[in-house]
There are 2 protein chains.
Amino acid sequence: MPGAKLDPIDRKILAELQADGRMTNVELAKRVGISAPPCLRRVRTLEENGYIRGYHADVDARELGFEVQVFAMVGLVKQAEADLSAFEERCREWPLVRECHMLNGEVDFILKCAAPDLSTFQTFLTEQLTAAENVASVKTSLVIRCAKDEPGVPFEVLEARLSQEP
Amino acid sequence: MPGAKLDPIDRKILAELQADGRMTNVELAKRVGISAPPCLRRVRTLEENGYIRGYHADVDARELGFEVQVFAMVGLVKQAEADLSAFEERCREWPLVRECHMLNGEVDFILKCAAPDLSTFQTFLTEQLTAAENVASVKTSLVIRCAKDEPGVPFEVLEARLSQEP
DNA sequence: CGTGAAACCGTCGCCCC
DNA sequence: GGGGCGACGGTTTCACG
């Protein structure tokens with residue numbers, strides 16, 4: 001049962017840093033109810049054990065001139081592990097592809113892409129993605145608007161679960 | 001032309017904070033080539049003008065016990081603006097739904113969901129999402145694995161564009 | 001935008017439970 | 001094992017040139 005090695009203070013630290021990753025350590029310590037030194041030690045441990053992968057500013061893509069966001073559903077011709085890995089490696093090299101998830105079901109991968117405008121994306125779509133080796137089909141959907149974009153994990157759900165069956 | 005109001009130093013600040021949101025201000029100032037006080041003023045301005053929406057620790061969902069990630073494609077019965085807004089409001093209230101994007105094409109919305117296990121998700125799926133008013137169809141795809149998950153925007157693409165046609 | 005100064009914070013060693 | 005106290009050096013954040 002993962003996440004069980006964390007005590008309530010660790011989970012509170014993760015929840016607070018997920019909500020505000022630039023909080024000072026003393027502020028964080030105050031919120032979780034311990035003093036600064038042990039709080040910092042816990043944060044370092046959480047980082048080293050991979051619970052915290054990093055910290056990122058949440059930059060507004062549209063304000064920066066990335067008007068186009070697209071979800072692309074990709075089907076491959078062959079799905080042996082080597083084929084899957086090869087496609088994933090390609091995706092890591094394409095900067096327009098921000099996320100690449102392998103799925104079950106009829107489609108093999110879903111990609112989230114960001115581009116400055118439609119023509120940039122269509123060039124990428126026709127000359128790179130659809131043209132890539134082993135790609136059988138690509139279906140794209142433009143994002144009209146984004147109603148919710150919460151990073152990370154719903155800690156409320158985790159806490160409800162843990163308080164229910166300890 | 002959005003993003004044009006930013007000078008190269010502002011864009012460098014955004015790129016650096018996107019890569020490491022917990023960097024100290026003096027380190028950031030060193031990297032962008034100015035001293036600390038004007039660097040902090042620029043960061044504050046970028047925050048106030050909405051270029052930076054926030055800072056978040058990138059928490060490993062699976063290590064925390066969220067084993068299940070799902071993409072859900074949702075079609076509605078009616079798509080008048082009031083119907084669309086009502087569904088978006090529902091999504092904001094569901095903690096398991098982390099992202100909700102309205103799409104063009106045959107499907108109306110794509111949702112990214114996170115859940116501790118399959119049964120939690122299926123309960124949500126059958127009792128909440130599929131049962132919600134105005135929902136016509138829901139197709140779900142489990143995430144098998146994630147090959148890439150880069151937050152934010154490819155600044156390399158932006159810089160290449162700006163240096164090409166100033 | 002840079003300099004200087006004051007307040008604050010990150011961090012360490014040590015002691016305590 | 002983990003938490004608290006005190007102190008040092010670095011950082012944030014002013015006012016001012």
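Just so we're on the same page: letters track the sequence lines, and every chain starts at 1.
- Rounded to whole Å, the distance from NZ on B:K30 to C1' on D:dG10 is 11 Å.
- With D:dT13, D:dG4, C:dC1 as the choices, the nucleotide that has an atom nearest any side-chain atom of B:P38 turns out to be C:dC1.
- The CG-P distance, from B:N25 to D:dT13, rounds to 7 Å in whole Å.
- No side-chain heavy atom of B:L17 sits under 4.5 Å from any side-chain heavy atom of B:L46.
- Within the 4.0 angstrom heavy-atom criterion, only backbone atoms of the sugar-phosphate kind lie near A:R44; the bases stay farther away.
- Between the B:R42 side chain and the B:I13 main chain, no donor and acceptor come within less than 3.5 Å of each other.
- One donor-acceptor pair, N or O on each side, does fall under 3.5 Å between the base of D:dG3 and the side chain of A:R41.
- To the nearest angstrom, P of C:dG10 lies 11 Å from CE of A:M23.
- When rounded to the nearest whole Å, the span between CD1 of B:I34 and P of C:dG2 equals 6 Å.
- Looking at the side chain of B:V26, the nearest of the listed nucleotides D:dT12, D:dT13, D:dG4 is D:dT12.
- Computed from coordinates, the B:R22 CZ to D:dT12 P distance equals 11 Å when rounded to whole Å.
- To the nearest angstrom, P of C:dC8 lies 19 Å from CG of A:L28.
- Backbone-only contact: A:T24 has heavy atoms under 4.0 Å from sugar-phosphate atoms and none from a base.
- Using a 4.5 Å heavy-atom cutoff, the side chains of A:V74 and A:D108 are not in contact.
- The A:L40 side chain lies nearest to C:dT11 when the options are D:dT13, C:dC1, C:dT11.
- Nearest nucleotide to the side chain of A:R42, out of D:dG3, C:dT11, D:dT12: D:dG3.
- The side-chain heavy atoms of A:L76 and A:F109, taken from C-beta on, include a pair separated by under 4.5 Å.
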